[in-house]
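Hydrogens, waters and symmetry mates are skipped; everything else that's a heavy atom, side chains included, is used.
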Amino acid sequence: MMIIDTLTSPVILFFVLGFVAAALKSDLSIPEAFAKAMSIYLMAAIGLKGGVEVANSGVTAEVAAAALAGLALSFLLPVIAFALLRQFGGLSKVDAGAVAAHYGSVSVVTFVTAKEILTGQGLGPAGYMVAVLALMETPAIISGLMLARRGDKDASEKSSTPWHEVLTNASVMILVGSFIIGIVAGSDGFAPIKPLFDTGFRGVLCLFLLDMGLIAARRLMQSRKMNLRLVSLAIVIPSLNGAIGTFVGTLVGLDVASAATLGILAASASYIAVPAAMRLALPKADPGIYLSMSLGVTFPFNIIFGISIFAAFAKAIG
Amino acid sequence: MMIIDTLTSPVILFFVLGFVAAALKSDLSIPEAFAKAMSIYLMAAIGLKGGVEVANSGVTAEVAAAALAGLALSFLLPVIAFALLRQFGGLSKVDAGAVAAHYGSVSVVTFVTAKEILTGQGLGPAGYMVAVLALMETPAIISGLMLARRGDKDASEKSSTPWHEVLTNASVMILVGSFIIGIVAGSDGFAPIKPLFDTGFRGVLCLFLLDMGLIAARRLMQSRKMNLRLVSLAIVIPSLNGAIGTFVGTLVGLDVASAATLGILAASASYIAVPAAMRLALPKADPGIYLSMSLGVTFPFNIIFGISIFAAFAKAIG
Amino acid sequence: MMIIDTLTSPVILFFVLGFVAAALKSDLSIPEAFAKAMSIYLMAAIGLKGGVEVANSGVTAEVAAAALAGLALSFLLPVIAFALLRQFGGLSKVDAGAVAAHYGSVSVVTFVTAKEILTGQGLGPAGYMVAVLALMETPAIISGLMLARRGDKDASEKSSTPWHEVLTNASVMILVGSFIIGIVAGSDGFAPIKPLFDTGFRGVLCLFLLDMGLIAARRLMQSRKMNLRLVSLAIVIPSLNGAIGTFVGTLVGLDVASAATLGILAASASYIAVPAAMRLALPKADPGIYLSMSLGVTFPFNIIFGISIFAAFAKAIG
Amino acid sequence: MIQTVSRKRIEILVDTPLVPRVVAQLKAVDISGWSVIHVDSGGGRAGEWQDDDVTGASAKTIVLAIASETKTSGLIEAIAPLLDSYGMLLTIGDVQVLRGERF
Amino acid sequence: MIQTVSRKRIEILVDTPLVPRVVAQLKAVDISGWSVIHVDSGGGRAGEWQDDDVTGASAKTIVLAIASETKTSGLIEAIAPLLDSYGMLLTIGDVQVLRGERF
Amino acid sequence: MIQTVSRKRIEILVDTPLVPRVVAQLKAVDISGWSVIHVDSGGGRAGEWQDDDVTGASAKTIVLAIASETKTSGLIEAIAPLLDSYGMLLTIGDVQVLRGERF
Ligand SMILES: Nc1ncnc2c1ncn2[C@@H]1O[C@H](COP(=O)(O)O)[C@@H](O)[C@H]1O
Ligand SMILES: Nc1ncnc2c1ncn2[C@@H]1O[C@H](COP(=O)(O)O)[C@@H](O)[C@H]1O
Ligand SMILES: Nc1ncnc2c1ncn2[C@@H]1O[C@H](COP(=O)(O)O)[C@@H](O)[C@H]1O
Ligand code: NA
Ligand code: NA
Ligand code: NA
């Protein structure tokens, strides 16, 4: 029933429209600059709203627990993914490390979509989950690089970890920055800018997911690097990660909605910050593999099924 | 009186501003990416709103009549235009066919502007007219190509009809797609995205028409292909088509507002889907002619005069 | 106290976020097309709102006084700036003239931000100040050119004053155009487009100032032309101009808020219309100097301190 | 010293809607790589234009391809008849490339 | 075989606000076609820059023109005095073109 | 007549996230100027792509630099080992430039 609600939500239907249009090889495309503008808008909006909520609720022990759980998940999930990608996926160490980093990190749009869908079903996650989202972006990059380079002496020479790029990447800056602005401004300061950042939010998300549908389908069709094993892993890994995330969230005492959201964060795979970091730090890893898996398979899977699955799981064990 | 209302509407005034700015050779320009984003937004918005209205009203005999009338007009109007363009305009068969296809097809922005102006005057067309708009986009392409190639053996060799491009072109995909999403979502599903797609609509239309004013005036000034005969035809053909369309709409039993809108659709000339299709299917046709006529003359004529004229005509005969 | 209000306003905080992100060498960037679209939107919005207010209030003697004061300031302020830039700054005549023109002209975004901040503090300036803003854009260009060319015979040969570009530049067209549209449309005509142009305004301003923060900081860091004297002048000149502007405004009988706004206009330095005009008319002037001063130093100074300072001054003498 | 080899640098200025046709021609003569560069505006015998992206039909694009001399000759033969109706402009220059076996 | 002829490929990197001036120079020496390509960012002796499009004054653009050798020489004569104050960079390469009578 | 001198026109097609690395290489061999041109789409052995700017990782960019022959040789030596892992394509052409002392 919940999945039906999800599938008839305009947000998801626009994603499907984009996917279908690209599959039909339509020339429909969203201008890049507009897509990037929407992604900045969406991040600023969730950062602000999260900050305002935290300004209202204050920082509690639950917040600390969620933050630690998120950090730990982002650090450790790549280890499992790496093993699966090496054994079952047959990837080289470098490729497996790069892909694993994607699965440990998170997808902002998956988070945003989940927040909208869950809120629409009366299951809105806590405001501080935005901070957890931001915290989970980078640790996985470090574990992924460590996995890729383990026992490899000349790896650390030329291509050292791009710390600076990773810590100041655009999505971290804007998420953290607008989260802090939200805290400083509070409800009163937020009121005059609320019409743009709150009222218009869902509509923009529709158009953004239209674009993501186009991008995901095109990536899938144009890739020459995918095989059945990799496609399966791009579904198995998020399912596993999502289950672990939801479980950990429930364990550390989060409410049902926030535990489900932690599961969705764990299940989601980065396709913005991590690919850029991997291109810099592991230039020998093949972008065709990590982008096709995270964007072409895992993203659609999470949007259409994952959100409902982990929400149901969180309710069952919550 | 109605024309005064039209001419003092901000929507039209922004078009005039753009036209004047370009005529004064100002460097004012709207970034392409933003203009394209606005056009996607406008199409998604009218598709959604049309779909929601149809979800509320259901499909009636009137809908079928309007659809059939629209299809027939799009197929047949190019024949009249072709004859005029050959005889009076002195165009080659290939050029006349290409131009005729533009006049059989429709302009989404003319439709949207008409809908806004008429609604503002209490004459809002039925929701299903969006579907009629989408149906009228393509048949004219086929008749135009047939007219251009009649009796020409080697025409069909290299440059066959680009069926695929025509049927999956961006505007068809997004109009039809969001129309269906509107039907599926209904009023309830539309509510959360209404702020973006409904409330902001008229304002975006203003900025978009500002850009269209710039584009139309520049096209007119930079073209070296226009002559007095072609300029006259770019006013005569839409006047004729609009009268026929309004008449047919009244004949098949549409309400006054919808009949006027069918007239405006018939009068309007495509400047997005059809030019792209003609460039592919009739590369020998001169884009300077068809774009200057449809965009430089007919579009401004319809926006400023046509809408009021066909509305008055529909009232008179309705 | 007022400065605290200013510094915790989201509008200013987003500017600071952009500044900090660029200083940290983050890869955060706003797509150019989107930034330009926002600047067009902001200008259309303030033009419209100003026009509607004037339509309601009518044209009074006060309006004429403000207009004359603005024109005089724009013409004369470059003379003082020129002297300072030559004597203390050590600039060549051509460079000093180009920089002086920037300080006589105005910054639209500084005006918009001041209007928002002041209105938020119950000090909203009169609607006609938009017209004053538009009037102050160009006279300074003429004085700047005259100062740069005085006693230079071959200067007037090749690079004559680009009258046409100056008078039809994009910001003048859109400000004046939408101001007139606002007057014609009035409150009633403005109502349907108000959701876009009024409700969303502050939010867009946040995102735009985020971009301005990035641009200002990058300009400051990437420039190799700035020295301590020029940096000091980029604070001294606006301080002086602002004081003069506020004083003149009070003298000619403007209300406190409008006098403060005239001060801010006088203090602000152009970084759109004037640089383009100077590039054409004085190609030998170094863009690195005038852009770094106006954009890298004066703009942040005015946004963060100037607005509060001149408002306080206007209250004190008002 | 590192070895470079001579290749042709082909630049095709073409109406944006026709890019897929040009790419098809490239593939037909076995040129397997190309890059597409956006052109903002221009002017020629048919007047001046700016890309407006709303009516994409009049915008121009540059298709850039590096290829061997043989493949380039093949492309010229194939594409010459289309130059006029496609509104194309084709230039061929000499360049040195690394990893020449790729082209 | 299809005939190609030799022409010059002129690439002028120039501050965006000055493009109309460059085009005017091209027309003055009877070069009737040109294309404008957007440059995103760059660096040189005066520091680094990115196009920000808000303050368009510092952005750069490439004006590309194909022309005969004679017209190219004319252009060089005409444009050389402006190179410094216009912040221009001008390169000339050799290319083969089809339909050479156009240039 | 105005004097032109011969220089190399270096065109490096590279993954957008790696542009700073390429620029660092240019600076390392003392090439002090470069311009960055956006590439919209393309295709090669690894499939086709369009810039989507949301996942910037797969987009390509052209870094254009004019340099003397000596500096160009230095660049080739420095950059050759990176070509494969950086997914680069490097072409070098001959051009004439004005104000050659700048490069
Ligand atoms: N021969 C070529 N000419 C121009 N661009 C090319 C060529 N080969 C590859 N490219 C560009 O480089 C990208 C990567 O090529 P590849 O590594 O072969 O997939 C392609 O997507 C094109 O954008
Ligand atoms: N000589 C040239 N050099 C560079 N671009 C040109 C040249 N001639 C034409 N073009 C481009 O090709 C387009 C069409 O040219 P035409 O067919 O002459 O109108 C022009 O608008 C320019 O963008
Ligand atoms: N050698 C070069 N190769 C390519 N582009 C250059 C070169 N030198 C300068 N440029 C471009 O021209 C701009 C101005 O150069 P400059 O006057 O040296 O600061 C730079 O920011 C680059 O975009
Ligand atoms: Na994850
Ligand atoms: Na029509
Ligand atoms: Na000023």
Side chain, backbone, both or neither: which part of F:Leu64 has an atom under 4.5 Å from a heavy atom of chain E? side chain
Which residues from residues 8-18 of chain F are near chain E, with near meaning under 4.5 Å between non-hydrogen atoms?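 F:Arg9, listed by number.
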Partner chain F: residue of E:Ala80, E:Gly43, E:Gly93, E:Gly42 with the largest heavy-atom pair count (under 4.5 Å): E:Gly43
Below 4.5 Å, heavy-atom pairs only: which of E:Asp94, E:Leu90, E:Val39, E:Leu83 has the largest tally toward chain F?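 Heavy-atom pair counts peak at E:Leu83.
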For F:Val97, check side-chain contact (heavy atoms from CB on, under 4.5 Å) against everything at least two apart and list the hits.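 Partners of F:Val97 by the side-chain contact (heavy atoms from CB on, under 4.5 Å) criterion, ordered by chain and then number, come out as E:Thr91, F:Val5, F:Arg7, F:Ile66, F:Val95, F:Phe103.
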In a check of side chain to side chain contact (heavy atoms under 4.5 Å, CB included) between E:Ser41 and each of F:Val36, F:Thr61, F:Val63, which one passes? F:Val36
E:Glu48: which residues meet the salt bridge (charged side-chain N to carboxylate O under 4.0 Å, His left out) condition with it, sequence neighbours left out?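 Result, salt bridge (charged side-chain N to carboxylate O under 4.0 Å, His left out) vs E:Glu48: F:Lys27.
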How long is the span from the CD1 atom in E:Ile62 to the CD1 atom in F:Ile37, to the nearest 0.5 Å? 3.5 Å
Within the structure provided, determine whether E:Asp84 and F:Arg99 are in side-chain contact (heavy-atom separation under 4.5 Å).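 Answer yes - side chains close enough.
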Taking side-chain hydrogen bond (donor to acceptor under 3.5 Å, both in side chains) as the definition, give me every residue that meets it alongside F:Ser6, ordered by chain and number, with sequence neighbours left out.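 By the side-chain hydrogen bond (donor to acceptor under 3.5 Å, both in side chains) rule, F:Ser6 matches F:Gln96.
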